[in-house]
Amino acid sequence: ANMKLLLIFSALLGVSLCLETFVGHQVLRIKTKNEEEVKQLQLLESLEHLELDFWINPSAPALPVDVRIPAVSVQSVKAFLESQGIEYSILIEDLQDVLDKERQDMAESAQRQRSSSFDFGTYHTLDEINKELDHLASEYSFVEKIQIGESYEKRPLYVLKFSTGGSKRPAIWLDAGIHSREWVTQASALWIANKIASDYGTDASITSLLDKMDLFLLPVANPDGFVYTHTSNRMWRKTRSKTPGSICVGVDPNRNWDAGFGGPGASNKPCSDSYHGPRANSEVEVKSVVDFIKNHGNFKAFLTLHSYSQLLMYPYGYKCTRPDDYAELESLGRAAASSIRSLYGTTFQVGTICKTIYQASGGSIDWSYDNGIKYSFAFELRDTGRYGFLLPANQIIPAAQETWLGLKKIMEHVR
Amino acid sequence: RAAAAAVGYLQYRRGGPGRGLELRALRRARRQDIDDVGHKYSLELELEDVLDKGRTVNCTAEVLYHLGSKSTAPDVQATVQGELRSTEEADKEFYNRMRSLQKELVAENIPDSHGNVPPELEPIHLLAWVASGYVIWQNSTENTKFHLAQVKRVKQVKRSDEDLQFDYVLLLHEMVSQEVIPWEVTVLWHPQRGARAPRDRRQPGHA
């Protein structure tokens with residue numbers, strides 16, 4: 001067998017290989033069955049003129065051998081392995097393709113780094129998010145960071161105000177992260193903020209929207225809960241308020257609004273993840289938004305982001321009857337879902353909260369709708385359960401992009 | 001919700017370290033109220049093997065929730081149309097790898113907070129779906145919708161017989177109540193015999 005080996009490869013002795021590219025190089029994984037085969041591979045390894053590059057060297061029968069083979073030798077090495085009955089598979093068909101793709105990825109990543117030092121495609125801490133809000137406010141004259149209140153643990157509730165002028169123009173409200181474990185929502189809100197800011201002046205739809213209306217965006221509606229998901233319990237949903245007489249902490253902020261408060265679909269037990277709290281607006285995070293919106297007096301749309309389930313819902317949740325504007329909201333919802341689907345094929349189901357997900361009292365969009373804000377919608381973003389709350393970071397931007405199309409559709413209608 | 005129960009059952013029966021089944025779409029559903037028995041849901045499902053995402057597999061299922069009883073599992077019958085992608089080689093490789101480990105495998109937080117699953121833990125993750133599938137099937141009612149939120153902890157337990165054993169602490173998310181419930185499940189698995197969940201319990205105490 002050794003003589004055969006030498007005969008086959010002696011023909012290649014004279015070839016000099018200048019390895020500037022890896023076009024046609026293949027990486028094989030060789031599965032040896034016994035010591036004899038290992039020895040064959042070790043002999044192959046010793047033939048330096050072949051310039052075989054062993055990524056895993058032959059050592060023992062149980063371990064795979066990975067080897068990069070220059071283009072000129074690929075066929076003869078394979079012929080040799082086959083003649084010896086040694087099993088192999090192709091790990092990489094053409095190494096240059098892999099390297100080219102890698103270089104492209106790195107260039108794109110560097111490009112992203114250059115254009116903005118904030119990586120929207122990864123999850124951030126509260127401090128990092130607040131820093132980026134400051135950055136957006138400082139970079140764009142029509143973006144302002146305002147504080148509408150404080151959380152239970154005294155963290156500021158920051159809202160980005162997008163306004164190109166006027167005085168108390170009709171406004172759109174958008175919030176995210178009211179349930180702190182729904183991390184794709186805070187992350188998407190940030191991407192959306194940047195999208196709106198950077199596209200004003202170039203995108204016809206956003207420009208026309210902001211020329212007539214103001215937008216208020218609350219990216220982290222529940223900062224205490226959000227910090228808690230980073231420091232202690234990734235699955236935390238509620239606020240972090242203390243309940244007298246109970247060892248359990250927190251109120252479900254989306255059962256705490258004054259809309260059918262205390263009715264079916266919310267719990268009166270403090271330890272429950274859907275505990276509605278002692279009374280409506282008991283949570284300062286909720287009250288701050290209510291006060292802000294009431295004082296402003298000119299909101300036309302109230303939009304809120306949740307995850308997961310891929311749903312686009314309108315009132316009601318606290319009762320299972322249709323709102324007066326059912327036809328319009330259903331139609332607008334479907335149009336928005338259609339826009340969402342147009343990007344990556346992600347399907348969102350449309351309907352009232354009660355029919356689509358469950359009966360739930362004390363919810364934010366029921367309150368906004370019953371207080372005269374007709375265009376009240378709640379989004380449940382990706383996914384449908386495979387990762388649930390733990391959506392991989394590489395899905396943040398796609399989720400934000402498709403959600404933005406849905407929001408835009410609604411905003412265009414409101415305008 | 002009935003579809004979620006059916007999918008749980010299917011994940012238990014047909015899933016493994018090399019196969020995770022997901023619900024892609026619920027095509028059709030019909031409910032029949034049977035006097036003195038319960039509510040029967042007839043479903044047409046579209047499933048997807050997460051490791052074979054190119055295609056969907058059709059499935060018909062029947063879920064019967066027994067009247068009045070909150071403590072018996074729904075009866076589930078399910079038929080998958082066509083063949084699922086073979087996992088024989090991957091199963092064998094996983095089995096041999098686990099049997100030959102010097103130290104018993106221990107891992108936590110799969111996926112991690114950012115949704116990452118290290119590739120070498122993917123089979124353990126998929127086996128957790130099998131485990132959660134059993135618990136979900138056994139504990140589903142018309143008022144629940146369960147998903148596996150996270151594997152909190154998994155510990156391999158070496159056995160003198162041929163099965164692999166993994167003791168899981170799973171976090172199950174129940175959509176209607178929004179609770180995330182820790183559940184301890186022991187899973188026995190063998191490449192030919194499939195999975196069994198001989199022991200499971202809701203973890204006592206409350207976070």
> Given B:R24 and A:T384, is the side chain to side chain contact (heavy atoms under 4.5 Å, CB included) satisfied, shown in steps?
Replying inline: CA-CA 9 Å; B:R24 175 81 96 74; A:T384 53; over 6 Å; no
> After noting the C-alpha distance and the side-chain angles of A:W183 and B:H114, does the key distance pass the side chain to side chain contact (heavy atoms under 4.5 Å, CB included) rule?
Replying inline: CA-CA 9 Å; A:W183 277 20; B:H114 296 225; 4.0 Å; yes
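With a 4.5 angstrom heavy-atom cutoff, B:N109 does not touch chain A via any of its atoms. In this structure, the portion of A:S309 lying under 4.5 Å from any heavy atom of chain B is its side chain and not its backbone. The contact between B:S177 and chain A is made entirely by backbone atoms, counting heavy-atom distances below 4.5 Å. Using a 4.5 Å cut-off between heavy atoms, B:L148 contacts chain A through its backbone alone, with no side-chain atom that close. Residue contact with chain B, scored on non-hydrogen atoms closer than 4.5 Å, involves the backbone and the side chain of A:Y123 alike.
The ring of B:H147 has its center no closer than 6.0 angstrom to the ring center of A:Y387.
Within a 6.0 Å sphere centred on NZ of B:K158, other residues, nucleotides and ligands contribute more than 12 heavy atoms. Other residues, nucleotides and ligands contribute over 12 non-hydrogen atoms within 6.0 Å of the CZ atom of A:R386. In this structure, B:E120 places its CD atom where more than 12 heavy-atom neighbours from other residues, nucleotides or ligands lie under 6.0 Å away.
Summarising the geometry, atom CD1 belonging to B:I110 is positioned 11.5 Å from atom CG belonging to A:L390; distances are rounded to the nearest 0.5 Å.
A donor-acceptor pair under 3.5 Å is absent between the side-chain atoms of B:Q178 and the main chain of A:S274, judged by distance alone.
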